[in-house]
Amino acid sequence: MGKDGAEIPEDANEHCPGTQSESAGKSDACEGCPNQEACATAPKGPDPDLVSIVERMATVKHKILVLSGKGGVGKSTFSAQLSFALASMDFQVGLLDIDICGPSIPKMLGLEGQEIHQSNLGWSPVYVESNLGVMSIGFMLPNPDDAVIWRGPRKNGIIKQFLKDVYWGELDFLIVDAPPGTSDEHISIVQFLQATGIDGAIIVTTPQQVSLIDVRKEVSFCKKVGLPVLGVVENMSGFSQQLSEFKFMNVSESGEQKDMTESVIAYMREKAPEMLNLIAFTEVFDTSGGGGAKMCRDMQVPFLGKVPLDPQLCKAAEEGRSCFVDGKCKVSAPALKAIIDKLLLTMQVSRTDDEA
């Protein structure tokens with residue numbers, strides 16, 4: 001915080017005018033600053049639309065932002081399954097996808113090809129169930145293969161429109177799936193939601209250092225903007241699958257592969273049938289650095305738990321369904337449930353409280 005209460009990032013240039021100044025990102029003092037582009041495109045000063053956003057969000061009890069430092073770590077998969085799980089617990093849930101350039105939520109909720117409808121109350125979410133509504137720019141694209149090539153101000157505009165024009169009704173939870181990184185969208189959603197009361201952020205990572213390096217930046221971002229970190233989830237924490245679902249290959253010295261699955265499974269069924277129900281596990285990434293748990297201890301943020309890389313969870317995400325209902329996700333579903341239970345305990349939320 002600079003003089004006159006101006007908000008100044010820790011890594012800003014000398015003589016920074018402050019992030020809310022009209023000259024933010026544009027003055028000579030901003031040249032070469034790592035925050036220049038974000039400051040230049042971020043909303044400045046009191047926003048007249050904030051009143052509309054506050055009124056719209058007044059019917060939402062809890063707001064959770066799901067973040068990741070790097071793409072491809074399973075953030076949207078986690079957002080989707082978190083939403084499915086909360087809805088299955090009879091909470092009223094909304095899932096808002098603000099990944100403008102890569103909206104994958106419609107597919108992960110089984111809603112591809114759906115469209116947004118307008119009512120006298122505003123935009124209506126697309127519903128998976130009566131208590132699980134979804135909003136995404138993916139519903140607005142005439143062709144799902146169309147690229148969204150927008151600069152920061154236009155992205156900020158659609159995020160603002162989602163917040164002030166979508167009619168969610170009474171919600172227990174609004175889950176916001178954000179794009180990876182710490183860009184314009186993150187600054188905007190935090191600024192817009194802080195005025196309405198946001199519970200905090202869940203950060204999704206994978207165990208290896210190349211991901212954790214960026215997650216540390218994400219935690220730093222949250223601390224700088226005053227966004228509580230509800231916890232970190234370590235996704236793809238080892239590969240885990242029932243032994244009977246593996247393929248077994250015989251690889252020759254020349255690299256030629258021969259599928260031995262049928263004979264191996266037959267042998268196990270005859271000689272050791274109990275082995276077919278075992279769960280096989282192996283590390284995928286180098287975890288010698290301590291993974292997400294050690295990073296959380298170092299940065300003093302909560303660690304919510306680990307989710308293994310489970311082909312059945314990947315299949316559920318591809319098919320747009322919950323991993324909790326059919327018993328196929330034998331290793332990932334219990335891990336996700338434990339994480340969600342821990343999250344609700346941390347937030348001091350129970351079904352009884354939210355019915356009150």
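If you're wondering where the values come from, they're calculated on a predicted model, not measured in any experiment.
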Partner of Asp97 under side-chain hydrogen bond (donor to acceptor under 3.5 Å, both in side chains), chosen from Ser104, Ser136, Ser76: Ser136

Got a second to check how far Phe78's CZ is from Ile340's CD1, nearest 0.5 Å? 5.5 Å

Donor-acceptor contact below 3.5 Å, side chain Thr261 vs main chain Phe248: yes

Counting C-beta onward and ignoring hydrogens, is there a side-chain heavy-atom pair between Glu115 and Val126 closer than 4.5 Å? no

Answer yes if the side chains of Thr206 and Asn235 hold a donor-acceptor pair under 3.5 Å, and no otherwise. no

Of all heavy-atom pairs linking Ser211 and Thr205, the shortest is OG-OG1, 3.0 Å

If you compare all heavy atoms of Leu243 against all heavy atoms of Ala280, which two are closest, and at what distance to 0.1 Å? CD1-CB, 4.1 Å

Is there a donor-acceptor pair under 3.5 Å between the side chain of Asp99 and the backbone N or O of Ala178? no

Taking Lys315 first and then Asp310, would you say they form a salt bridge - that is, a charged N and a carboxylate O separated by under 4.0 Å? no

Give, for atom CD of Glu234 and atom CG of Leu212, the distance between the pair rounded to the nearest 0.5 Å. 7.0 Å

Please name the pair of heavy atoms, one in Val331 and one in Ser240, separated by the smallest distance, quoted to 0.1 Å. CG1-OG, 3.5 Å

Is there side-chain contact between Val210 and Phe285, with at least one heavy-atom pair below 4.5 Å? no

Quick one: are Leu343 and Ile64 in side-chain contact, heavy atoms under 4.5 Å? yes

Lys330 and Gln242: side chain donor to acceptor below 3.5 Å: yes

Check whether Arg56 reaches the backbone of Val166 with its side chain - one donor and one acceptor, N or O, closer than 3.5 Å. yes

Judged by atom type as modelled, is there a donor-acceptor pair below 3.5 Å linking the side chain of Gln241 to the main-chain atoms of Pro311? no

Between the side chain of Asn156 and the main-chain N/O of Ser188, is any donor-acceptor distance below 3.5 Å? no

I need the minimum non-hydrogen distance between Cys323 and Leu336, along with the two atoms involved. SG-CD1, 3.7 Å

Within this structure, what is the OG1-CH2 distance for the pair Thr59 and Trp168, rounded to the nearest 0.5 Å? 10.5 Å

Quick one: does Leu193's side chain get under 4.5 Å of Leu163's, heavy atoms only? yes

Test item: Met249 and Lys258 side chains (from C-beta on) under 4.5 Å apart, heavy atoms: no

Could you check whether any side-chain N or O of Asp286 sits under 3.5 Å from a backbone N or O of Gln208, counting only pairs where one atom can act as donor and the other as acceptor? no

Say you draw a straight line from CD1 of Ile100 to CG of Asp184; how long is it, rounded to the nearest 0.5 Å? 11.0 Å

Enter the distance from Met89:CE to Asp172:CG here, rounded to the nearest 0.5 Å. 10.5 Å

Could you check whether any side-chain N or O of His186 sits under 3.5 Å from a backbone N or O of Leu67, counting only pairs where one atom can act as donor and the other as acceptor? no

side-chain contact (heavy atoms from CB on, under 4.5 Å) involving Glu112 - partner list, sequence neighbours excluded: Lys107

Sidechain N-carboxylate O distance under 4.0 Å for Lys160, Asp49: yes

All heavy atoms of Ser79 vs all of Ile105, minimum pair found to be CB-CD1, 4.5 Å

Distance check, rounded to the nearest 0.5 Å: Phe324 atom CZ versus Ser332 atom OG? 8.0 Å

Please examine the side chains of Ile175 and Leu96, heavy atoms only from C-beta on, and report whether any two atoms are closer than 4.5 Å. no

Begin from the C-alpha positions of Asp199 and Lys63 and carry the test salt bridge (Lys or Arg N to Asp or Glu O under 4.0 Å) through to its verdict. CA-CA 5 Å; Asp199 291 75; Lys63 307 166 195 74; 5.8 Å; no

